[in-house]
Amino acid sequence: MNKYRSHNCAELSEKEIDKIVYISGWLHRKRDHGNLLFIDLRDHYGITQCVIENNNKFFTVLEKSKPESVLKIKGKVVRRASGTENVELKTGKIEISIETLEVLSNAKELPMPVFGEKEYPEDIRLKYRFLDLRREEMHKNIILRSKVISFIREELLKLGFLEFQTPILTSSSPEGARDFLVPSRLNPGKFYALPQAPQQFKQLIMISGFDKYFQIAPCFRDEDARADRSPGEFYQLDLEMSFVEQEDVFSVVEKLMINLFKKFSSKKIINDAFPRISYENAMMKYGTDKPDLRNPLIIFEITDLFNREDIKFDIFKKLVKSGSIVRAIITKNTKDKPRSFFDNIDKWAKEQGASGLAYFTLEKDGGIIGKGPVGKFFSEEALKELIKICDAEIGDSVFLACGKKKEVEQLLSLARDKIANDLNIINKDQFSFCWIVDYPMYEYDEKLKKIIFSHNPFSMPQGDIKQLNFNKPLNIKAYQYDIVCNGIELSSGAIRNHIPELMYKLFSVAGYTEKEVNDKFSGMINAFSYGAPPHGGIAPGIDRIVMLLADKKNIREVTLFPMNQNAEDLMMQAPSNVSEKQLKELSIKKDIKK
RNA sequence: GGGGGUGUAGCUCAGUUUGGUUAGAGCGCCUGCCUGUCACGCAGGAGGUCGCCGGUUCGAGCCCGGUCACUCCCGCCA
């Protein structure tokens with residue numbers, strides 16, 4: 001028998017009554033009656049109540065021990081008197097009558113308690129992450145994360161995927177996020193980059209003939225944080241398959257996701273086959289390429305209405321004449337909502353930097369009328385037309401946004417969420433997945449005044465590649481796809497372009513010469529000229545998946561040791577200064593502007 | 001880089017609207033009492049640069065300016 005424990009803290013039951021046992025764990029909670037002392041001893045597995053009386057010489061030791069000290073307790077398992085059982089505890093029918101105890105490790109007074117599940121400031125939680133992680137909720141999240149990863153491994157191994165590791169020190173790549181750089185000692189002045197994703201390596205694995213690969217891959221991007229985005233590093237389930245079309249990837253990943261979410265959550269998955277929405281359609285109906293499909297609200301295009309003579313809404317009409325568009329959100333049966341409901345939304349829109357959201361309700365007063373601030377500008381005929389376009393009814397409300405296409409999309413996308421939340425029409429007990437497909441290969445960057453890749457430059461363009469019209473590059477679509485669940489982008493993937501000539505052409509549209517492509521992507525381009533299989537894959541974000549399964553809004557709740565928003569590790573104090581000697585070895589000089 | 005929110009005891013927060021005696025509560029901590037608790041109870045106690053700096057004022061936790069920290073968002077994230 002091990003010297004620390006014969007049983008863990010969740011194990012003992014009536015079966016062990018009268019046995020002498022050893023258990024070890026943290027002093028979770030103390031209830032001191034003066035001459036009788038109860039403690040809850042906690043380990044990873046659970047909690048066991050132990051009791052000691054003042055005739056025991058260890059009584060004062062225990063009385064003086066602080067919470068979270070680590071104890072080893074030896075004692076007899078006894079049945080709790082009827083009426084003193086605790087049904088909440090797995091071990092609640094018994095307790096340990098302490099004979100001896102040993103303090104294995106003393107705890108100082110705690111900066112944050114472990115007992116209780118109150119909220120604490122995040123900087124303290126991050127600094128004392130080891131205490132935070134002892135708490136039930138966090139402990140549970142991290143266990144869930146581990147189980148999710150194991151499950152994914154099992155499923156993919158069953159399907160014939162092989163797990164490989166790819167380099168962490170690699171080369172900096174153009175396109176995409178800012179790289180983390182690592183100076184090279186042996187090559188002064190040169191730098192490695194940490195991979196933003198194992199993108200090129202996974203393609204090289206396919207070219208190396210391994211057919212199906214996956215990896216729980218760390219990815220590094222030096223970009224600013226968000227609630228659902230850690231600064232610095234995150235994990236992807238990176239996977240890639242040879243000789244596949246988009247549908248093959250879809251069927252593997254869709255099944256994996258459904259099995260995973262069914263296994264680890266009791267929430268209902270609305271669509272067993274994920275609906276597919278084209279990028280264009282998503283932008284139209286939801287204003288975003290990561291729509292929350294639990295939200296029933298839809299955006300309608302009604303710009304043309306504003307060319308009608310019988311609409312007198314002059315501000316909008318003027319804007320439309322100069323190229324603005326008008327889109328609308330309809331909310332069902334909301335005519336009796338208080339004025340404050342509408343005003344709040346208008347106020348909110350103004351806070352978003354928009355000029356506001358115009359609104360009115362559709363009511364019947366003899367004929368159909370628009371009631372509300374701007375309702376009077378619409379004739380009955382115009383309202384009938386609007387009702388037709390937007391599939392609206394009497395009693396519904398209409399919210400209108402007017403502006404440049406991008407602004408309207410962005411505002412109405414946020415407004416969809418805002419209004420639906422205010423109306424409480426989002427079912428929080430559901431997962432609603434979809435594929436967003438048919439992404440454009442390129443987009444026009446207004447700031448740089450040039451054409452850039454809209455997603456992954458290695459994606460295969462759609463259609464007959466001999467017939468592609470490179471004079472109209474913005475019309476080229478790619479075999480590029482995202483999985484979205486409840487408004488969160490879970491993964492991004494593509495069928496890759498394995499044809500070097502085509503790749504040069506595609507890059508030239510984005511302003512890269514053949515030489516530049518050769519320089520920047522030498523490993524891969526070279527490999528493509530020695531026989532590359534058609535291949536494709538995807539990379540679901542592990543952190544976000546666990547976030548959804550754990551029902552957390554913040555990625556740090558499902559990460560063991562996250563950094564804060566300034567990309568600092570408050571516990572390890574990273575990043576930190578290094579010695580002059582280290583810098584010298586690396587041929588690095590500091591030049592800090594202040 | 002920009003915008004919003006927050007900052008008062010170890011922790012959670014009240015007090016800021018309308019400036020005015022010694023800044024409060026709960027949890028935690030310390031001391032004492034308590035033999036059936038499981039958020040144990042009871043009594044007492046310690047604990048504060050009201051984030052920091054400056055200004056206005058007879059007087060600032062409260063008003064003004066600046067600054068710092070944390071957080072949320074925008075930009076950014078192929």
Side-chain angles (χ1 to χ4, degrees), chain A residues 28-42 47-56 59 63-64 66-68 78 80-89 91-92 95 97 108-128 131-132 173-179 196-197 199-200 219-232 234 290 348 351-353 410-411 414 439-443 445 447 452-459 478 480 482 489 492-494 506-507 510 520-521 539 541 553-554 556 564-566 568 570:
Chain A
H28 187 63
R29 192 77 178 152
K30 227 164 33 170
R31 290 175 293 279
D32 188 350
H33 292 234
N35 295 314
L36 174 76
L37 172 57
F38 295 99
I39 64 157
D40 291 334
L41 200 69
R42 182 197 75 241
I47 284 177
T48 301
Q49 174 168 281
C50 309
V51 61
I52 192 168
E53 293 184 20
N54 64 349
N55 54 15
N56 185 311
F59 185 85
E63 207 175 24
K64 287 208 164 64
K66 290 202 196 296
E68 295 307 307
V78 298
R80 293 203 199 180
S82 95
T84 67
E85 295 119 335
N86 185 345
V87 289
E88 311 267 299
L89 277 186
T91 59
E95 65 194 6
S97 173
K108 293 200 289 190
E109 191 185 329
L110 302 168
M112 56 172 282
V114 171
F115 174 78
E117 292 287 322
K118 276 211 283 184
E119 291 196 23
Y120 300 101
E122 240 194 334
D123 42 345
I124 291 175
R125 292 180 54 198
L126 292 177
K127 183 167 178 194
Y128 298 96
L131 292 177
D132 193 30
S173 65
E175 298 288 320
R178 199 177 294 113
D179 283 319
Q196 297 182 20
Q199 178 64 37
Q200 293 188 60
C219 303
F220 305 90
R221 293 176 192 177
D222 189 3
E223 297 295 343
D224 290 351
R226 290 285 184 278
D228 65 351
R229 199 168 86 202
S230 287
F234 60 97
K290 39 183 182 176
W348 165 88
E351 281 165 11
Q352 303 305 305
Q410 201 170 3
L411 176 66
L414 293 170
Y439 274 84
M441 191 81 209
Y442 302 101
E443 62 190 279
D445 188 306
K447 260 187 281 168
I452 58 168
F453 286 108
S454 75
H455 272 70
N456 187 325
F458 305 117
S459 299
Q480 166 85 42
D482 278 10
E489 183 192 319
S492 201
L506 290 165
F507 266 99
K520 299 291 186 188
F521 306 103
K553 286 216 166 61
N554 190 307
R556 292 181 294 270
N564 68 10
Q565 272 205 335
N566 291 333
E568 297 164 319
L570 298 176

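In what follows, every chain begins at residue 1, and chains take the letters A, B, ... in the order their sequences are listed.
- With Asp40(A) as the partner, the side chain to side chain donor-acceptor pair (under 3.5 Å) test is satisfied by one option alone out of Arg31(A), His28(A), Arg29(A): Arg31(A).
- Taking CZ of Arg556(A) as the start and OG of Ser230(A) as the end, the distance is 7.5 Å to the nearest 0.5 Å.
- Interatomic distance, CG of Leu110(A) versus CZ of Phe115(A), reported as 12.5 Å (0.5 Å rounding).
- At the phosphate of C40(B), OP1 or OP2 sits under 4.0 Å from a side-chain N or O atom of Arg31(A).
- When the P atom is used for both C40(B) and C27(B), the distance is 11 Å, rounded to whole Å.
- Ring geometry for Phe453(A) against Phe507(A) counts as perpendicular: the plane angle is over 60°, on a 0 to 90° scale with 30° as the lower cut.
- Whole-Å rounding puts the Asn566(A) CG to C68(B) P distance at 12 Å.
- Candidate nucleotides C29(B), G36(B), G75(B) were compared by shortest atom distance to the side chain of Arg229(A), and G75(B) ranks first.
- Evaluation of atom-type donor-acceptor distances gives no pair under 3.5 Å for the side chain of Arg125(A) against the base of C11(B).
- At the heavy-atom level, Glu85(A) lies under 4.0 Å from base atoms of the strands shown.
- In this structure, Asp222(A) atom CG and G75(B) atom P are separated by 18 Å, rounded to whole Å.
- Stacking of His33(A) onto the six-membered ring of C40(B) is present: less than 5.5 angstrom between centres, less than 30° between planes.
- Within the structure, every side-chain polar atom (N or O) of Arg29(A) is placed at least 4.0 Å from both OP1 and OP2 of U37(B).
- A25(B) and A9(B) have their P atoms separated by 14 Å, given to the nearest Å.
- Nucleotides G15(B) and C63(B) place their P atoms 13 Å apart, quoted to the nearest Å.
- In the interface, the side chain of Glu223(A) is not paired with the base of G75(B) through any donor and acceptor atom under 3.5 Å apart.
- Spacing between atom CG of Leu37(A) and atom P of G41(B) amounts to 14 Å, rounded to whole angstrom units.
- With distances taken from any side-chain atom of Asn35(A) to the nucleotides C72(B), U35(B), C11(B), the minimum falls on U35(B).
- Set against C72(B), U37(B), C11(B), the side chain of Thr84(A) has U37(B) as its closest nucleotide.
- The shortest distance between the side-chain N/O atoms of Asn554(A) and the OP1/OP2 oxygens of C72(B) is below 4.0 Å.
- The distance from atom CD of Glu568(A) to atom C1' of C68(B) is 12 Å, rounded to the nearest whole Å.
- Arg80(A) places its CZ atom 15 Å from the C1' atom of U35(B), with the value rounded to the nearest Å.
- Rounded to a whole angstrom, the distance from the P atom of C42(B) to that of G26(B) is 11 Å.
- The same atom, P, is picked in A46(B) and in G2(B); the two are 47 Å apart, to the nearest Å.
- Of the nucleotides present, U6(B) is the one that pairs with A69(B) by Watson-Crick or G-U wobble criteria, both distances under 3.5 Å.
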Report all interatomic pairs (protein N or O, nucleotide N or O of nucleotides 45-47 of chain B) with separations under 3.5 Å.
none

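- Distances shown here put every side-chain N or O of Lys108(A) at or beyond 4.0 Å from the OP1 or OP2 atom of C29(B).
- In this entry G1(B) has C74(B) as its Watson-Crick or G-U wobble partner, both defining distances falling under 3.5 Å.
- Note: CD (Gln49(A)) to C1' (C38(B)) measures 6 Å, nearest angstrom.
- Here the straight-line distance linking atom CG of Leu131(A) with atom CD of Glu68(A) works out to 6.5 Å at 0.5 Å rounding.
- Between the CG atom of Asp32(A) and the CD1 atom of Ile52(A) there is a distance of 11.0 Å, given to the nearest 0.5 Å.
- Atom NZ of Lys30(A) sits about 7.0 Å away from atom CG of Leu37(A), to the nearest 0.5 Å.
- The distance between atom CD of Glu63(A) and atom P of C30(B), rounded to the nearest whole Å, is 11 Å.
- The phosphate of C72(B) (OP1 or OP2) has a side-chain N or O of Arg556(A) nearer than 4.0 angstrom.
- Taking only side-chain atoms of Phe38(A), from C-beta outward, the nucleotide of C77(B), U12(B), G36(B) with the closest atom is G36(B).
- As rounded to whole Å, 16 Å separates atom C1' of G41(B) from atom NZ of Lys30(A).
- Nearest nucleotide to the side chain of Leu36(A), out of C73(B), U35(B), G75(B): U35(B).
- Residue contacts for Glu95(A): at a heavy-atom cut-off of 4.0 Å it reaches a base atom on one of the strands shown.
- Rounded to whole Å, the P atom of U8(B) lies 26 Å from the corresponding atom of G1(B).
- Closest contact between the side chain of Glu53(A) and the listed nucleotides G75(B), C73(B), U35(B) involves U35(B).
- For Pro67(A), whose side chain is taken as the heavy atoms from C-beta onward, the closest listed nucleotide among C70(B), C34(B), C29(B) is C29(B).
- Distance check: Leu506(A) CG to Met441(A) CE gives 5.0 Å after rounding to the nearest 0.5 Å.
- Set against C73(B), G36(B), G1(B), the side chain of Asp224(A) has G1(B) as its closest nucleotide.
- Dashed line: the shortest gap from a side-chain N or O of Gln196(A) to OP1 or OP2 of C76(B) is not under 4.0 Å.
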Exercise. Checking side-chain contact (heavy atoms from CB on, under 4.5 Å) for the pair Tyr439(A)/Asn456(A): CA distance, chi angles, key distance, verdict?
Worked result: CA-CA 10 Å; Tyr439(A) 274 84; Asn456(A) 187 325; over 6 Å; no
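- Residue contacts shown for Ile124(A) are limited to sugar-phosphate atoms, with no base heavy atom under 4.0 Å away.
- Distance check on atom C1': U12(B) versus G48(B) gives 16 Å, rounded to whole Å.
- A salt bridge is absent between Asp224(A) and Arg229(A); no separation between the charged side-chain nitrogens and carboxylate oxygens falls under 4.0 Å.
- Using a cut-off of 4.0 Å between Lys/Arg side-chain N and Asp/Glu carboxylate O, Asp132(A) and Arg125(A) are scored as salt-bridged.
- Atom name C1', nucleotides C50(B) and A60(B): the rounded distance is 11 Å, in whole Å.
- For Asn86(A), the listed nucleotide lying nearest its side chain is C38(B); candidates were G36(B), C77(B), C38(B).
- Using a 4.0 Å heavy-atom cutoff across all strands shown, Ser173(A) reaches no nucleic acid atom at all.
- Counting any heavy atom pair closer than 4.0 Å across all strands shown, Pro457(A) reaches a base atom.
- With both pairing distances under 3.5 Å, G32(B) is matched to C42(B) as a Watson-Crick or G-U wobble pair.
- For Arg226(A), the listed nucleotide lying nearest its side chain is G75(B); candidates were G75(B), C40(B), G36(B).
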For this session: Would you check, one step at a time, whether the test side-chain contact (heavy atoms from CB on, under 4.5 Å) holds for Ser97(A) with Glu53(A)?
Result: CA-CA 9 Å; Ser97(A) 173; Glu53(A) 293 184 20; over 6 Å; no
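- In this structure, Gln565(A) reaches the C72(B) phosphate: one of its side-chain N or O atoms is under 4.0 Å from OP1 or OP2.
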